[in-house]
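Throughout, a chain's letter reflects where its sequence line sits, starting with A, and its residues are numbered from 1.
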Amino acid sequence: MLDNNTLEFSPLDSDEDPIDILRQKIRHSAAHVMADAVLQLFPEAKIGIGPATKDGFYYDFEVSVPFTPEDLETIESLMKKIIASNHSFERTELAKNAALEKFDNQPYKIELIDNLSPEVAISTFSHGTFEDLCQGPHVHSTKDIKAFKLLNIAGAYWRGNENNTMLQRIYGTAFENKEALEQHLTNLSEAEKRDHRTLGKALDLYSTHEEIGPGLTVWNPKGARLRAIIEQYWRDLHTNHDYEPVYSPHIGKANLWETSGHLGFYNENMYAPMEIDEQQYYLKPMNCPFHIMVYKSSLRSYRELPLKLSELGTVYRYERSGVLHGLMRVRGFTQDDAHIFCTPSQIEDEIGKVLDLTFELLSAFGFMDYSIALSTKPEKSVGEVEMWEHSTNSLKRAIESRNLPYTIDGGGGAFYGPKIDINIKDALDRDWQCTTIQFDFNLPERFKLVYQDDNGDRTQPYMIHRAIFGSIERFIGVLIEHYGGAFPVWLSPVQAIIIPISDRHLDYAETVKHELTLAGVRTNVDSRRDRMNAKIRDAQMQKIPYMIVMGDSEEADKTVSVRLRDGTNLGPIPIENLVNRINLEVSHKTIT
RNA sequence: GCCGGUGUAGCUCAGUGGUAGAGCGGCGGUUUCGUAAACCGUAGGUCAAGGGUUCAACUCCCUUCAUCGGCUCCA
């Protein structure tokens, strides 16, 4: 059994880098200055906590009237004054009683002090007239906060618990100099431009409708094309890796979900049942019970194992309205799901194969940076201790045999089994949760799964859930943001747009289109009565990789003039050369 | 779900207690053009929905819906 306590270590930390340590100090100090300013402007405010974060800082306040954007400006100018006053940050250590007394009109601080472990020295940091319970560290003086900006206001529950009071949180960011702040603000607006919700609309990929309902997506033709390409590649790859595709329905009877236990432990995320012929049916939140039924459709022999059943299965889960977000968090989505049924001796090898498949699949889409986390047995769990140990070790060995760096989330596994989660890092260095590989000791037991082993005995198989994209919707959302909408050629819904210079080139344009289409290129003729320049601009904004311009000379020479979306003009080339070039990029899945 | 913001034409947005505007897009026409926006004309809106206040509401108030920023980075 893995020891949760000793093996635990925290994910790769920013604390190593001196600039990050400095920023942390600056930001934490800025948070103090902000609390100082807020208390000066709103003396009756109660202060919560004010930590530095990955990109900035925040502070939580209880105020009778929520802050307005104008308040933010006022607070910001007062902060500037405080910073300019060049107050030094002073640390004071004090006894618990003294601390309680000092903060006796700050109930949240009192709560924090009461919860501090007795071994920790209680300290405060002060600058000017403001003093805050804090273990530091801070910069020397307020003037070391060289550049900051308040960003937004949000509600936040005290300690993140929705049973607690809702406080008003002000977010801001701070840097060691103006340039770094400017750079950060530029990055923020860059991220905004890449927002998949904006691009999804601009590129006409998908849409959502009030009439349909929140968290439910319809794919417009271009998005559907992209999705179909992704799914086709996924299917082909899975076939090559010995997965058997299956299909399952969207609803199933109540007793199925009772047996699986979902009605018990997953009820909150399931939609209300519908009654059909006096039977209750539920919309599926997961595919596993159906795949289990496929498994159970015949008595399995050990010779059939591992049995790997795969499906792009659409599931529906209730998500609280406030957490829905574009394609990233929705109520109806498609998992690239598979369930592996195997013998104990096969698990390590199978986990390894899933890892290999994962990296093969994700790298094809240009994701090369991963962070891997292994989650071990939580306090409350089902399944034999030996199974946990065997599985956890096999997960660990599979990762280590591939020399992959990983972290361990001690006790972070599901109650039914240990798991590996893999996040991908996108072009803006943001992490996205995709892949999960999970053991399940619960369902084989509940559904009484067996196989006939080589002694003729009936034995319970191991079962592994795994999804590599996680959700197709979210994965496409990530793809959109990663590429800023300029997809690699193999994924581009429209790979080439044909732009005739004038109407008299339309026939030749159609000929070229025909040839390209025959060669498998997704292309269209822009036959609108518009000038070439306008068509090019349009194609640029649609981020179409190839713009094929043609006029008299191309028609005469049977060539095409090719412009790439980065502005490069390849000049006139034979159609065949273009086709070869595109096909090469498609078959290599070249990232452009 | 909760706190706050937003909702005006297909899209992006302006607007006022006296019943609505631009640009782009669409459509019609003129132009036939050489690598990021030709020109002219024209149609299109119960100002998210419902209720209330008012002589009068897109504007003020309430409710609902949708959407955006957040809601365990822990002194």
*Separation of the C1' atoms in B:G29 and B:U12, to the nearest angstrom*: 27 Å
*Look at all strands and tell whether A:Thr124 reaches a base, only sugar-phosphate, or nothing, counting heavy atoms closer than 4.0 Å.*
nothing
_Check the orientation of A:His138 and A:Phe125. Use parallel for under 30°, tilted for 30 to 60°, and perpendicular for over 60°._
tilted
*A:Met166 or A:Ser561: which one's nearest nucleotide on RNA chain B is closer to the 5' end?*
A:Met166
*Parallel, tilted or perpendicular for A:His262 and A:Phe265, by the 30°/60° rule?*
tilted
*Which nucleotide in B:U35, B:A75, B:G26 has an atom nearest any side-chain atom of A:Leu133*: B:A75
*When the C1' atoms of B:G45 and B:G7 are considered, how many whole Å apart are they?*
14 Å
*For nucleotides B:G10 and B:U53, find the distance between their C1' atoms and express it as a whole number of Å.*
35 Å
*Mapping A:Phe67 and A:Ile153 to their closest nucleotides on RNA chain B, which lands nearer the 5' end?*
A:Phe67
*asked:* Within the 4.0 Å heavy-atom criterion, would you say A:Arg159 contacts the bases, only the backbone, or no part of the nucleic acid?
replied: base
*Compare all side-chain heavy atoms of A:Leu216 with those of A:Thr208 and state whether any distance is below 4.5 angstrom.*
no
*Could you state the atom-to-atom distance from NE2 of A:His505 to C1' of B:U32 in whole Å?*
9 Å
*Which part of the nucleic acid, if any, lies within contact of A:Ser553, taking any heavy atom under 4.0 Å across all strands shown: a base, the sugar-phosphate backbone alone, or nothing?*
base
_For B:U12, give the paired nucleotide (Watson-Crick: N1-N3 plus N6-O4 or O6-N4; G-U: N1-O2 and O6-N3; both under 3.5 Å), or none._
B:A22
*Measure from NE2 on A:His196 to C1' on B:C68 and round the result to the nearest Å.*
13 Å
*Using a 4.0 Å heavy-atom cut-off across all strands, classify A:Ile122 as base, sugar-phosphate, or nothing.*
base
*What distance, rounded to whole Å, do you find between the two P atoms, one in B:U64 and one in B:C27?*
42 Å
*Checking all strands, does A:Asn152 fall into the base, sugar-phosphate, or nothing category for heavy-atom contacts under 4.0 angstrom?*
sugar-phosphate
*salt_bridge(A:Lys149, A:Glu182) N-O dist < 4.0 Å*: no
*Distance check: side-chain N/O of A:His28 vs OP1/OP2 of B:A75, anything under 4.0 Å?*
no
*Starting from P on B:A75, measure out to NE2 on A:His138 and report it in whole angstrom.*
11 Å
*Side-chain heavy atoms of A:Ile582 within contact of A:Val489, under 4.5 Å*: yes
*asked:* Counting the atoms with a prime plus P, OP1 and OP2 as sugar-phosphate, which does A:Ala154 contact under 4.0 Å by heavy atoms, base, sugar-phosphate, or nothing?
replied: base
*Quick one: look up who B:G44 pairs with, Watson-Crick or G-U, both distances under 3.5 Å, and put none if it's unpaired.*
none
*asked:* For A:Phe57 together with A:Phe148, are the ring centres under 6.0 Å from each other?
replied: no
*Tell me the partner of B:C39, counting only Watson-Crick (N1-N3 plus N6-O4 or O6-N4) or G-U wobble (N1-O2 and O6-N3) with both under 3.5 Å; none if nothing fits.*
B:G29
*Taking the same atom, P, in B:C2 and in B:U19, what whole-Å distance lies between them?*
38 Å
_In whole Å, I'd like the distance from the CZ atom of A:Arg91 to the P atom of B:A75._
13 Å
*Phosphate-side-chain proximity, A:Ser321 and B:G1, N/O vs OP1/OP2 below 4.0 Å*: yes
*Under 4.0 Å: is that the gap between some side-chain N or O of A:Tyr318 and OP1 or OP2 of B:G1?*
yes
*asked:* Could you tell me the Watson-Crick or G-U partner of B:G1, where both distances fall under 3.5 Å? Say none if there is no partner.
replied: B:C71
*Is the shortest heavy-atom distance from the side chain of A:Ile501 to the side chain of A:Val549 under 4.5 Å?*
yes
_Just to be sure I understand the rule, does A:Ala121 reach a base, reach only the sugar-phosphate, or reach nothing, if contact means heavy atoms closer than 4.0 Å?_
base
*Taking atom C1' in both B:A49 and B:U32, what distance in whole Å separates the two?*
49 Å
_Of the options B:C11, B:G34, B:G1, whose atoms approach the side-chain atoms of A:Glu554 most closely?_
B:G34
*Could you tell me whether the side chain of A:Thr165 reaches within less than 4.5 Å of the side chain of A:Glu62, counting heavy atoms only?*
yes
_Mutual orientation of the aromatic rings belonging to A:Phe130 and A:His32 [parallel < 30°, tilted 30-60°, perpendicular > 60°]_ = perpendicular
_Selected nucleotide, minimal atom distance to A:Leu116 side chain, candidates B:U32, B:U35, B:A75_ = B:A75
*asked:* If you take any heavy atom closer than 4.0 Å to RNA chain B, which residues from residues 532-544 of chain A end up in contact?
replied: A:Met532, A:Asn533, A:Ala534, A:Ile536, A:Arg537, A:Gln540
*To the side chain of A:Leu112, which of B:G69, B:A75, B:G26 is closest?*
B:A75
*Starting at CD of A:Glu192 and ending at P of B:C68, how long is that distance when rounded to a whole Å?*
13 Å
*Counting only Watson-Crick or G-U wobble pairs whose two distances fall under 3.5 Å, which nucleotide matches B:A56?*
none
*asked:* Please classify the nucleic acid contact of A:Asp552 as base, sugar-phosphate, or nothing, using heavy-atom distances under 4.0 Å.
replied: base
*Ring centre gap for A:Phe333 and A:Tyr316 strictly below 6.0 Å*: no
*Determine the contact category for A:Tyr171: base if any of its heavy atoms lies under 4.0 Å from a base atom, sugar-phosphate if only primed atoms, P, OP1 or OP2 are that close, otherwise nothing.*
sugar-phosphate
*Cation-pi between A:Arg27 and A:Phe175: NZ/CZ under 6.0 Å from ring centre and within 45° of the ring axis?*
yes
*Compare side-chain N and O positions of A:Arg197 against OP1 and OP2 of B:G69 and report whether any pair is under 4.0 Å apart.*
yes
_Using Watson-Crick or G-U wobble geometry with both distances under 3.5 Å, which nucleotide pairs with B:G7?_
B:C65
*Can a side chain N or O of A:Arg320 be found less than 4.0 Å away from OP1 or OP2 on B:C71?*
no
*asked:* With a 4.5 Å cut-off on side-chain heavy atoms, are A:Asn423 and A:Trp432 touching?
replied: no
*Nearest-angstrom distance, P atom, B:C13 to B:U8*: 9 Å
*State, yes or no, whether a side-chain contact exists between A:Glu481 and A:Asp195 at a heavy-atom distance under 4.5 Å.*
yes
*Under the salt bridge (Lys or Arg N to Asp or Glu O under 4.0 Å) rule, what pairs show up with a residue in residues 539-563 of chain A, not counting sequence neighbours?*
A:Arg504-A:Asp552
*Sub-4.0 Å heavy-atom contacts from residues 209-219 of chain A onto RNA chain B, ordered by number*: A:Glu210, A:Pro214
*Interatomic distance at C1', B:G15 relative to B:A66, whole Å*: 23 Å
_What is the distance, to the nearest angstrom, from the CD1 atom on A:Ile499 to the P atom on B:A37?_
12 Å
*Roughly how many Å is it from CG in A:Leu203 to C1' in B:C11, rounded to a whole number?*
13 Å
*Quickly work out the A:Arg430 CZ to B:C73 P distance and round it to whole Å.*
19 Å
*asked:* Closest approach to the side chain of A:Val323, judged atom by atom: which nucleotide of B:C71, B:G4, B:U35 is it?
replied: B:C71
_If you compare every side-chain N and O of A:Arg531 against the phosphate oxygens of B:A38 (OP1, OP2), does one of them come in below 4.0 Å?_
yes
